[in-house]
**Q** 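Once you've had a glance at the structure underneath, I'll fire off some questions.
When a ligand or atom number is given, it counts from 1 through the structure's own listing order.
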Amino acid sequence: ATGLGQLAAAKGKYFGTALANNHLGESAYATVADREFNSVTPENEMKWDATEPSRGSFNYTGGDAIVSHAQAHGQSVRGHTLVWHSQLPSWVSNGGFNSSTLTSIMQNHISNVAGHYQGKLYAWDVVNEAFNDDGSRRQSVFQTTIGDSYIATAFQAARAADPSAKLYYNDYNIEGVNSKSTAVYNMVKAFKQQGVPIDGVGFQAHFILGQIPSDLQANLQRFADLGVDVALTEVDVRMQTPADSTKLATQSSNYNTLTKACLNVTRCVGITVWGVTDKYSWVPDVFSGYGAPLLFDDNYNSKPAYTGVSNAFGGT
Ligand code: G3I
């Protein structure tokens, strides 16, 4: 690897990006992705709506393309994601299944999808975004139909399907110590005590400019102390657009801080930014008036934030 991936590797970490199949044909996109990153996460291609759009009918076209691109460029792959309330086809969310049927549907989905990629992925985000900000469980169809136990059941199915993938719980707004992160912490602690197979916690890290939690590193460390790996899995730092030099300097400092937080935690295995270029970030579509959250601008020029990361890794 070259670029940030190489700098991270020299420190025993990876530096990754979300990768979207539909942009890989754009040469600048692929050039930057392959130069800078030694890990990739499919942005949408391994989600339930893509992989099992109708019951028992599996489609791996997009995910396979990401995996083969990654293999050709020496990048490891984080699978994303097996069980999530969003991008979940309506045949699952509105199917009216009872608990035992929905459990079988979930286990069958995991066994097929994780089984298809068995041995090819570094990690899986097994369950994504299962908690509310107050620490209660999100009322997804899995939660309301099966109850709390669906998460442990999902991890067991994932371990059976792909014993070599690191199995992660992944969520947002858990980067600092708060009600939500403490609820996740308590679940992970219980899983370790009960022998539920969990290997890591992913902290999405969708940050707002100037609002990196001051206890980010301490929070990563408290999870690591439970005996799991930790990773920053979907990093971006959004600002009100248009960007200016002051905001870009703050963003650089924020990226420097979050990179150092991972570097300072032995069990923090790596960092993934949620996209290659500001041009294709999800942020402006969801947060009106916000954008410019990544390391490369719309023209694939590196931003001050790039230097913030590279300096943290000891680059020049
Ligand atoms: O594929 C269709 C296309 O056929 C259609 O023409 C087009 C019109 O809107 O939509 C396309 O689907 C979009 C899809 O991305 C692929 O581009 C969806 O509308 C859009 O909602 C979807 O957004 C994704 C979002 O997850 C959905 O929840 C983003 O790309 C993706 O970055 C985002 O990623 C999530 C993580 O998985 C979990 N954590 C939060 C993060 C940000 O929301």
Side-chain angles (χ1 to χ4, degrees), residues 16-26 29 33 37 39-54 59-66 69 77-90 92-93 109-110 113-114 117 121 123-133 138 140-142 151 154 167-175 180-181 184 200-209 211 230-239 258 270-296 298:
T17 183
L19 202 62
N21 238 347
N22 52 326
H23 301 312
L24 272 176
E26 186 179 328
Y29 180 93
F37 303 102
S39 168
V40 302
T41 303
E43 188 168 356
N44 291 294
E45 294 78 355
M46 291 189 188
K47 293 170 179 176
W48 197 313
D49 61 353
T51 54
E52 193 184 5
S54 60
N59 184 340
Y60 302 115
T61 311
D64 286 357
I66 297 277
H69 184 93
V77 182
R78 299 189 78 265
H80 175 81
T81 174
L82 293 167
V83 180
W84 188 27
H85 68 277
S86 181
Q87 288 172 289
L88 183 65
S90 64
V92 183
S93 49
H109 179 78
I110 294 169
V113 177
Y117 290 108
L121 305 186
W124 263 113
D125 290 330
V126 178
V127 176
N128 195 40
E129 303 176 1
F131 286 84
N132 295 314
D133 282 353
R138 182 192 291 274
S140 69
V141 69
F142 303 106
I151 300 184
L167 305 183
Y168 275 67
Y169 176 78
N170 192 55
D171 214 329
Y172 62 89
N173 288 354
I174 61 167
E175 295 78 16
K180 186 174 187 176
S181 66
V184 174
V201 175
F203 301 78
Q204 292 184 8
H206 293 295
F207 291 130
I208 299 169
L209 189 72
Q211 298 183 30
V230 296
L232 304 181
T233 52
E234 304 182 12
V235 176
D236 41 33
V237 180
R238 63 184 180 265
M239 62 179 71
L258 69 87
I271 299 172
T272 301
V273 293
W274 204 241
V276 175
T277 161
D278 289 342
K279 181 164 55 159
Y280 298 132
S281 168
W282 68 290
V283 165
D285 294 339
V286 173
F287 297 104
S288 175
Y290 283 81
L294 295 167
L295 304 180
F296 290 86
D298 291 359

**Q** Roughly how far apart are L295 CG and T17 OG1, rounded to 0.5 Å?
**A**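 Reported to 0.5 Å precision, the distance equals 8.5 Å.
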**Q** At less than 4.0 angstrom from any non-hydrogen atom of S86, what atoms of ligand 1 do you find?
**A**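 In order of numbering, the contacting atoms are 28 (O).
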**Q** With a cut-off of 4.0 Å, which atoms of ligand 1 are near a heavy atom of W274?
**A**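 The atoms of ligand 1 under 4.0 Å from a heavy atom of W274 are 31 (C), 32 (O), 33 (C), 34 (O), 35 (C), 36 (C), 37 (O), 41 (C).
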**Q** Is there a protein heavy atom less than 4.0 Å away from atom 1 (O) of ligand 1?
**A**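 So atom 1 (O) of ligand 1 lacks protein heavy-atom neighbours under 4.0 Å.
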**Q** Could you tell me whether a side-chain N or O of R138 sits under 3.5 Å from a main-chain N or O of E129, the two making a donor and an acceptor?
**A**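 Checked: pair present.
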**Q** Rounded at 0.5 Å granularity, tell me how far CG in L19 sits from CZ in F37.
**A**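 Taking CG in L19 and CZ in F37, the distance rounds to 9.5 Å.
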**Q** Return the residue, atom name and 0.1 Å-rounded distance of the protein heavy atom closest to atom 24 (C) of ligand 1.
**A**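 Checked against all protein heavy atoms, atom 24 (C) of ligand 1 sits closest to N44 OD1, 3.4 Å.
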**Q** Of H23, Q87, E43, E45, which has the heavy atom at the shortest distance from atom 28 (O) of ligand 1?
**A**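 When every heavy atom of H23, Q87, E43, E45 is considered, Q87 comes closest to atom 28 (O) of ligand 1.
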**Q** With a 4.0 Å cut-off, strictly under, does atom 13 (C) of ligand 1 pick up any protein heavy atom?
**A**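 Answer no: nothing from the protein, no heavy atom, is under 4.0 Å.
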**Q** Side-chain contact, heavy-atom cut-off 4.5 Å: I66 with N21?
**A**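 In short, these two side chains touch, coming nearer than 4.5 Å.
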**Q** Measure the distance from atom 43 (O) of ligand 1 to every protein heavy atom, then report the residue, atom name and distance (to 0.1 Å) of the closest one.
**A**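 So the nearest neighbour among protein heavy atoms is W282 CE3, 3.2 Å.
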**Q** Can the positive tip of K180 be found less than 6.0 Å from the middle of the six-membered ring of Y172, inside 45° of the ring normal?
**A**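 Verdict for Y172: a cation-pi partner in K180.
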**Q** Is there a side-chain contact between T51 and H109, using heavy atoms and a 4.5 Å cut-off?
**A**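 A side-chain contact exists here, since the closest heavy-atom pair is under 4.5 Å.
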**Q** Below the 3.5 angstrom mark, is there an N/O of H80, backbone or side chain, next to an N/O of ligand 1?
**A**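 Among all N and O atoms of H80, at least one is under 3.5 Å from an N or O of ligand 1.
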**Q** In ligand 1, which numbered atoms sit nearer than 4.0 Å to a non-hydrogen atom of E129?
**A**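 It comes down to these atoms of ligand 1: 38 (C), 39 (N), 40 (C).
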**Q** At what distance, to the nearest 0.5 angstrom, does OG of S140 lie from CG of N128?
**A**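 Spacing of OG (S140) from CG (N128) equals 11.0 Å.
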**Q** Tell me, do V92 and F142 make a side-chain contact under 4.5 Å, heavy atoms counted?
**A**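 When only atoms from C-beta onward are counted, F142 and V92 do touch, with a gap below 4.5 Å.
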**Q** Is there a protein heavy atom less than 4.0 Å away from atom 33 (C) of ligand 1?
**A**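 When distances to the protein are checked, atom 33 (C) of ligand 1 has a heavy atom within 4.0 Å.
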**Q** Please check if a non-hydrogen protein atom sits closer than 4.0 Å to atom 30 (O) of ligand 1.
**A**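 At least one protein heavy atom is under 4.0 Å away.
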**Q** Can you find a protein heavy atom closer to atom 21 (O) of ligand 1 than 4.0 Å?
**A**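 No.
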**Q** Below 4.0 angstrom from a heavy atom of N128, which ligand 1 atoms are there? Numbered from 1 as shown, please.
**A**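 Every atom of ligand 1 under 4.0 Å from some heavy atom of N128: 38 (C).
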**Q** Looking only at heavy atoms of W84, does any of them come nearer than 4.0 Å to an atom of ligand 1?
**A**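 Yes, W84 has a heavy atom closer than 4.0 Å to ligand 1.
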**Q** Can you sort out which atoms of ligand 1 are near Q204, meaning under 4.0 Å from one of its heavy atoms?
**A**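 Ligand 1 atoms under the 4.0 Å threshold to Q204: 39 (N), 40 (C).
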**Q** Check whether E45 reaches the backbone of E43 with its side chain - one donor and one acceptor, N or O, closer than 3.5 Å.
**A**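 Yes; at least one donor-acceptor contact below 3.5 Å.
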**Q** Would you please indicate if the ring centroids of Y280 and W274 are separated by under 6.0 Å?
**A**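 For Y280 and W274, the ring centres are not under 6.0 Å apart.
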**Q** Which residue supplies the protein heavy atom nearest to atom 39 (N) of ligand 1, what is that atom called, and how far is it?
**A**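 It is E234 OE1, 2.7 Å.
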**Q** Counting only heavy atoms on the protein side, is anything nearer than 4.0 Å to atom 10 (O) of ligand 1?
**A**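 Under 4.0 Å from atom 10 (O) of ligand 1, zero protein heavy atoms found.
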**Q** Do protein heavy atoms approach atom 36 (C) of ligand 1 to less than 4.0 Å?
**A**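 Given the 4.0 Å cut-off, atom 36 (C) of ligand 1 counts as touching protein heavy atoms.
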**Q** What about K47: any of its N or O atoms under 3.5 Å from an N or O on ligand 1?
**A**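 Yes, there is a polar N/O contact under 3.5 Å.
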**Q** Look at the side chain of E26 and the backbone N and O of L24, then say whether any donor-acceptor pair between them is shorter than 3.5 Å.
**A**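 No: the side chain of E26 does not pair with the backbone of L24.
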**Q** Taking atom 5 (C) of ligand 1 as the reference point, report whether a protein heavy atom occurs under 4.0 Å from it.
**A**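 It does not; no protein heavy atom is within 4.0 Å.
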**Q** What's the separation between atom CG in N170 and atom CD in E234, rounded to the nearest 0.5 Å?
**A**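 Taking CG in N170 and CD in E234, the distance rounds to 5.0 Å.
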